[in-house]
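Beneath this line is the structure, given in structure tokens, with notes to follow.
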Amino acid sequence: MRSHTHKTAAAAGALATVAFLIAAPPARAAGTRDITADVLAGRNVTLAGDTVVTVPSGTTTYDGVLRGEGTLTVRGTGTLILTRNSDFTLPKARQRQKVSVQGGNHPYVTTTTPDPPAITVARGATLQYGNGGSTGLIGHFPYGTPQFALNQDNIRVDGTLRLSLKSAYNLGTISGSGLITQPRFLWGTWDLSGTHPFSGVIDNGTQVNAGRPEFATALPNVRKVLNQGTWTVDTPLGQTVTEGMDFYQREYGSDINVQSRPGGKVVLTGQYSWSDQGGDTDPSLSDPSLNWSPARKNVNKRGTNIKGANVRWGDGTTHRIFMPGTAETVYINLLAARSRSLLTFDYNGPVTLGAPIGGGTFHDTLSAPGAGDIVIAGTRGNDVTFAAVQYYDGSTTVEKGAVLRLGNGRSGGDGGLYTAGSLYKVGNNGSLVLNNAGRALALSRITGSGSVTQSGAATTTLTGSGVAYTGTTTVKKGTLALRQGATLRRSKAIRLTSAGSRLDAGPTGLRVATTLSGKGTVKGSVTNDGVVAGGLTVSGNYTQSAKGELVLRDKPLKVTGAVRLAGTLDLAAAGTEPARDITVLNHTGGSKTGGTFTGLKEGTKVKLADTTYRISYRGGDGNDVVLTATAASKSPSPSATSPSAAVATRTVGAAEDDRLGWWPYALGLGLLGGLAVPATRLRRGNRRGGGRHAANG
């Protein structure tokens, strides 16, 4: 039995209906049939072309069925509720949609040249499918698609489409700019398949499959998604699904689940934010900082579960992180399903991850380590800060050109990596910055050609023989410590750039195989098999081998322990500012300085510009290495063929190529004065790109 329920005020219901029918606007165009009276009367309707129903204000429940061939436009100011399934199609002359199943043993569905809409919800009107049950859908399903039923009846929504269904359903291709809304807690599932030009807002109250192994989903124009349930993204085998819209949450308990098949990838370029304004039609957040502090009853806590998926946050064109917040406002689970998960950060500017990536169940993210790996993509400008200690068990890769910062340098923003897992390692070909303010940081198994920079007040300790990266090591602030066999022998340069920077070499000491320069302090013994520049303090013993070189800068090398010298002394910059005494090595320990630089025994004359010096290993307070001026002299200018007319300098520690790039200019000034008096130059060949410049006489 058909029934019609017009849910306005009871006393005025009949009069309002009559008045509406009298005042109802005419059909939109010639040939369009107005079925308003049939719908209000609850009669079944057979379509034979274009039809329109004008819904009065309030709520109208229609228990009838629509059949035939044609289109349906719902207009007016009220809500039309369909309680029974209807089945009609476009006239055959308008049907052009092509549906194909590809993928062989892993079938997935594609739709091309979609039909024009069979259903249109005009602006101001609301069409509701179902009334909390499993029926009330308009659809025709002729395709036999695998694992889901594809709807042939495409729909345009410029008003509101409400999906009050407990069943699984498909709406075909969606267009328009209105609102599609699904009430909360109905547990129906909307299979959102194919590419949709819809540019409005989707309010997901329960469950949306925006991609499955049987179909890919594209929503290039959707303005926003209000996610109050579960938004699930999956991919067919080898396919990429990109979703660029912003997601919002209004109530506690929503999440985004991401899966992918082998070779598939999900790219999320928007942001998942809390919403405290704008309602269903325009969700927004009044202040972005509210994502970073808990709201009442944790209503702003939202999460994402990455389940054996290859996921990319960002596409290199934005620096709005997908999950803004802390452990109190967001959760991120990296899980294994068909395979381990992979999460790539791909931004073109700085972003901060303020929450740990774990592997637990929903908000209990730290109940288990995350099962997956992290990549910081080598996109220009990609600068990612982990302002929380991470809890995933896999590798961290920093691609060339990218930056990963552990810690933001402020209280409460310390970061770190979970190092206990067997799959843990750091492959750094970009820049790894260690920037904790209070929490000590410990890392091992670091490889790659990238740089490592200690810039936080908290100590970072590198442990084990797996510390094997080849890039530059810089200590700007705080302490970088080496323990349990960790060395920096493969690091192409070591720099301590401030007086407060500290390198703690541990009980085994530091063996310099490349270059060591700067202003800070090395705690522990130093063995120099490479190049060490003055200005540093060695709080321990200093041994320079026959392969080593000491470069005099504006300040001497200071050593508190025993000193044993060999190898080369480079004085290329020392003659630019003549002085009575030049201290090369300030030995503050009590023992004598042992050994000498090659070719520079005690008392050897050294010519620097216009000044002749004698070197002593008993200078200063008795054990410093000091140059003391004897007399200034000039010599005739050498000929163009004189060996003193061209001298190569040994330079180290410059900003771009790890050499002290101002030395060639300083040396040039020194040579102009020194050409008149030939000087004996000491060389060891062209090792590391230049000669040694210590003169004797």
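Numbers here are sequence positions counted from 1. Everything numeric here is computed off the predicted structure, so don't read it as measured data.
Shortest non-hydrogen contact noted between T318 and Y347 is O-CD2, 3.1 Å. Listed here is the closest heavy atom pair of D373 and L334: N-CD2, 3.9 Å. Listed here is the closest heavy atom pair of Q259 and V266: O-CG2, 3.6 Å. Nearest heavy-atom pair across Q249 and S254 is OE1-OG, 2.7 Å. Here the closest heavy-atom approach between residue V121 and residue T160 is recorded as CG1-O, 3.5 Å.
One N or O on the side chain of N151 and one on the backbone of N170 form a donor-acceptor pair closer than 3.5 Å. Looking only at distances, no side-chain donor or acceptor of D280 sits under 3.5 Å from a matching main-chain atom of T181. A donor-acceptor contact shorter than 3.5 Å is absent between the side chain of T361 and the backbone of D364. Checking side-chain atoms of R302 against main-chain N and O of Y272 turns up a donor-acceptor pair under 3.5 Å. Although no hydrogens or angles enter the test, the distance criterion places a donor-acceptor pair under 3.5 Å between the side chain of S275 and the main chain of Q277. Of the possible polar contacts, none joining the N305 side chain to the D255 backbone as a donor-acceptor pair under 3.5 Å is found.
Residues K307 and D234 are not paired through a salt bridge, judged by the lack of any N-O separation under 4.0 Å between the basic side chain and the carboxylate. Using a 4.0 Å cut-off between a side-chain N of Lys or Arg and a carboxylate O of Asp or Glu, R84 and D63 do not qualify as a salt bridge. Residues D50 and R33 are not paired through a salt bridge, judged by the lack of any N-O separation under 4.0 Å between the basic side chain and the carboxylate. A salt bridge between R67 and D87 is absent, with no side-chain N of the basic residue lying under 4.0 Å from a carboxylate O of the acidic one. With salt bridges taken as basic N to acidic carboxylate O contacts below 4.0 Å, one links R223 and D282.
Atom CD of Q97 has more than 12 neighbouring heavy atoms from other residues, nucleotides or ligands inside a 6.0 Å radius.
Two residues are said to be in side-chain contact when any heavy atoms from C-beta on lie closer than 4.5 Å; L171 and L137 meet this criterion.
A distance below 6.0 Å separates the ring centres of W231 and F247.
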